[in-house]
Engineer: 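The structure's right below; bear with me while I get my questions together.
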Number of protein chains: 2
Amino acid sequence: MTLLKPETDQVQARFPPKLGRKRDHTRDPKILDAALEVLAETGYDGMTIDMVASRAKAGKATLYRRWPSKAELVIDAVACMKKNMHGDEPLPDTGTLRGDLVAMIKPHSIEDSERKMQIMAGLMSMISQAPELADAANAAIMEPRAALNRQLMYRAVERGEISSACDIESIAMISPCMVTYRTLMLRKPVDREFLVSLIDGVILPSLGLSAKPSAS
Amino acid sequence: MTLLKPETDQVQARFPPKLGRKRDHTRDPKILDAALEVLAETGYDGMTIDMVASRAKAGKATLYRRWPSKAELVIDAVACMKKNMHGDEPLPDTGTLRGDLVAMIKPHSIEDSERKMQIMAGLMSMISQAPELADAANAAIMEPRAALNRQLMYRAVERGEISSACDIESIAMISPCMVTYRTLMLRKPVDREFLVSLIDGVILPSLGLSAKPSAS
DNA sequence: TGGTTCCGATACTCGACAGTACCGTATAGA
DNA sequence: TCTATACGGTACTGTCGAGTATCGGAACCA
């Protein structure tokens, strides 16, 4: 992204060959997926290009034909995570904020979260040296979840359930942050029980709601 | 810690030499400090033993006489952070929780926090492969700050300022988590303004307190 | 069918770094 | 003062992986 070598590939892009085989771009996602897999398992520095190539059943040269370096491959893989995400299911609408937040706890979203945490751990060492990677990781891993929380909360404001004076921008980040900490540092499972206790013990109180609104 | 080679050092420990010079243990802290410095600057994988040695003005062999490997050196350095911390200043006691929390925001503590965040970023890649390191990093970096918050909050419970039903264990982790996220991922400064907004916008509300108790 | 280019595979170069060996010197104990 | 050992420094070894070069075969286009 930053440093594109002015090499063969770019020249060929300007003067496309008239004959012969065209580049098979259907293999790109497979390679990027393999990169994310290896990244999650071994971390950036433990990851080798050969691992990614063999995992994707591709040749090492093929990878270097598409990305100028290991770093660029990883940045691209993380940046593409966002696009390649499974079609967002519609937001839950249970009528109460607590109901909505709890409804977002699904086995699928927990698995998805665990995988992302692994990837993030593998990236951290490189993040402090590549700001663009930090942005990509934030956009692909932390932001999507925070954005969902924000939407639910703003809807609760419109309903009059919570005050518009609440610091929703910050509060929406609580669960992503705490989940990250719990996974990476504490190495404890992020299960339904933990998430519910976060909702009832921290998030709802900070919005001025009691945990169990027995009446409406 | 995990894999101690049964080598020369251990044999010498069993049969200490009767004559000659003894090992100069006053250099250990200097080496560990140098290791933390390099760790913060370059991360675990970017750090080389030569860097640490020259930073500590020691020979590479000296390092290997004391620690069997690079990994052990780093684990030891992180574990020793906790002990080598500057004598804790007494807890503030302003009479209100908000006053206490705000009083803890000091230039020194912010600098200290930034340094620790750098070290943590450098460690992350290794943390997912060495649980003992995760524990050490947690104990040295995250826990001390959370513990301070906890103490202040439990004191507020005793004063009757907040309810004992609050999830203090979780709420005390909010600021360490959010600070970590802001530093490592967002790469924004953790200044007084941010910390105060966290206190007033998230922490106090979650404890059932309004941001500005104009009366007592 | 024929020509061209991309593919996967493999072998290679080259630099970096963990860990070891060794040297001359400094220092502390006897 | 003498001696054994730890010290800082440096040269060395061995490994590992990024990136390059090349090859036979396959796929695509005309």
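Each chain gets a letter, A, B and so on, in the order its sequence line appears, and its residues count up from 1. This structure is a prediction, so every number in the text was calculated from the model and none was measured.
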Engineer: Relative to the 5' end of DNA chain D, which residue comes earlier, Ala61(A) or Ser54(B), by the nucleotide with the nearest heavy atom?
Structural biologist: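 It is Ser54(B) whose nearest nucleotide is closer to the 5' end.
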Engineer: Within this structure, what is the OH-to-P distance between Tyr64(A) and dT10(C), rounded to whole angstrom?
Structural biologist: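 Answer to the nearest Å: 18 Å.
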Engineer: Determine, for Arg98(A) against Asp200(A), whether the closest basic-nitrogen to carboxylate-oxygen distance falls under 4.0 angstrom.
Structural biologist: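 Judged by the 4.0 Å cut-off on N to carboxylate O distance, Arg98(A) and Asp200(A) do form a salt bridge.
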Engineer: Quick one: is Lys70(B) getting a side-chain N or O under 4.0 Å of the dA18(C) phosphate, OP1 or OP2?
Structural biologist: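 Yes, within the criterion.
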Engineer: Judged by modelled atom types alone, do Asp45(A) and Tyr44(B) share a side-chain donor-acceptor pair under 3.5 Å?
Structural biologist: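 Judged by distance alone, the side chains do not pair up.
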Engineer: In this structure, how many angstroms lie between the C1' atom of dG8(D) and the CZ atom of Arg55(B), rounded?
Structural biologist: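 Taking atom C1' of dG8(D) as the reference, CZ of Arg55(B) is at 18 Å.
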Engineer: So which one's nearest nucleotide on DNA chain C is more toward 5', Ile49(B) or Lys22(B)?
Structural biologist: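 Taking each residue's closest nucleotide, the earlier one in sequence belongs to Ile49(B).
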Engineer: So does Arg65(A) get a side-chain nitrogen or oxygen closer than 4.0 Å to the phosphate oxygens (OP1/OP2) of dT5(C)?
Structural biologist: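 Negative; the distance criterion is not met.
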Engineer: With a 4.5 Å heavy-atom cut-off, do Arg150(B) and Glu169(B) have their side chains touching?
Structural biologist: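 A side-chain contact exists here, since the closest heavy-atom pair is under 4.5 Å.
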Engineer: Taking CG from Leu63(B) and C1' from dA6(D), how many angstroms apart are they, rounded to a whole number?
Structural biologist: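 About 14 Å, once rounded to whole Å.
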Engineer: For the side chain of Arg21(A) and the base of dC6(C), is some donor closer than 3.5 Å to an acceptor across the two?
Structural biologist: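 Between dC6(C) and Arg21(A), which were checked side chain against base, a qualifying N/O pair under 3.5 Å is present.
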Engineer: Within the pair Arg66(B) and dC7(D), is there a side-chain N or O less than 4.0 Å away from OP1 or OP2?
Structural biologist: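 Looking at the OP1 and OP2 atoms of dC7(D), one of them is under 4.0 Å from a side-chain N or O of Arg66(B).
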Engineer: Can you check whether Thr48(A) has a side-chain N or O nearer than 4.0 Å to OP1 or OP2 of dG17(D)?
Structural biologist: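 No, because none of the side-chain N or O atoms of Thr48(A) sits under 4.0 Å from OP1 or OP2 of dG17(D).
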Engineer: Measure CG/Asp28(B) against P/dA6(D) and give the value in whole Å, please.
Structural biologist: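 Atom CG in Asp28(B) sits about 14 Å away from atom P in dA6(D).
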Engineer: Using whole Å, report how far CE of Met51(A) lies from P of dA9(C).
Structural biologist: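 My rounded result for the distance is 17 Å.
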Engineer: Go through the side-chain N and O atoms of Ser197(B) and Asp167(A) and say whether any donor and acceptor fall under 3.5 Å apart.
Structural biologist: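 No, no side-chain donor-acceptor pair sits under 3.5 Å.
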Engineer: Look at the side chain of Lys60(A) and decide which nucleotide, out of dA11(C), dG19(C), dC7(D), has an atom nearest to it.
Structural biologist: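 Ranking dA11(C), dG19(C), dC7(D) by closest atom to the Lys60(A) side chain puts dA11(C) first.
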Engineer: Give the nucleotide from the list dT20(C), dG19(D), dG8(D) with an atom nearest to the side chain of Ala58(B).
Structural biologist: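 Nearest to the side chain of Ala58(B) among the choices is dG8(D).
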Engineer: Just the rounded figure in Å: distance from C1' of dC7(D) to CZ of Arg27(B).
Structural biologist: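 These atoms are roughly 7 Å apart.
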Engineer: Could you give the CG-to-P distance, from Asp50(B) to dT13(D), as a whole number of Å?
Structural biologist: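 Rounded to the whole Å, the gap is 17 Å.
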Engineer: Evaluate the side-chain proximity of Ile171(A) to Asn149(A): yes if any heavy-atom separation is below 4.5 Å, no if none is.
Structural biologist: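 A side-chain contact is absent here, since even the closest heavy-atom pair is not under 4.5 Å.
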Engineer: Could you state the atom-to-atom distance from CG of Asp45(A) to P of dC17(C) in whole Å?
Structural biologist: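 Those two atoms, CG and P, are 12 Å apart.
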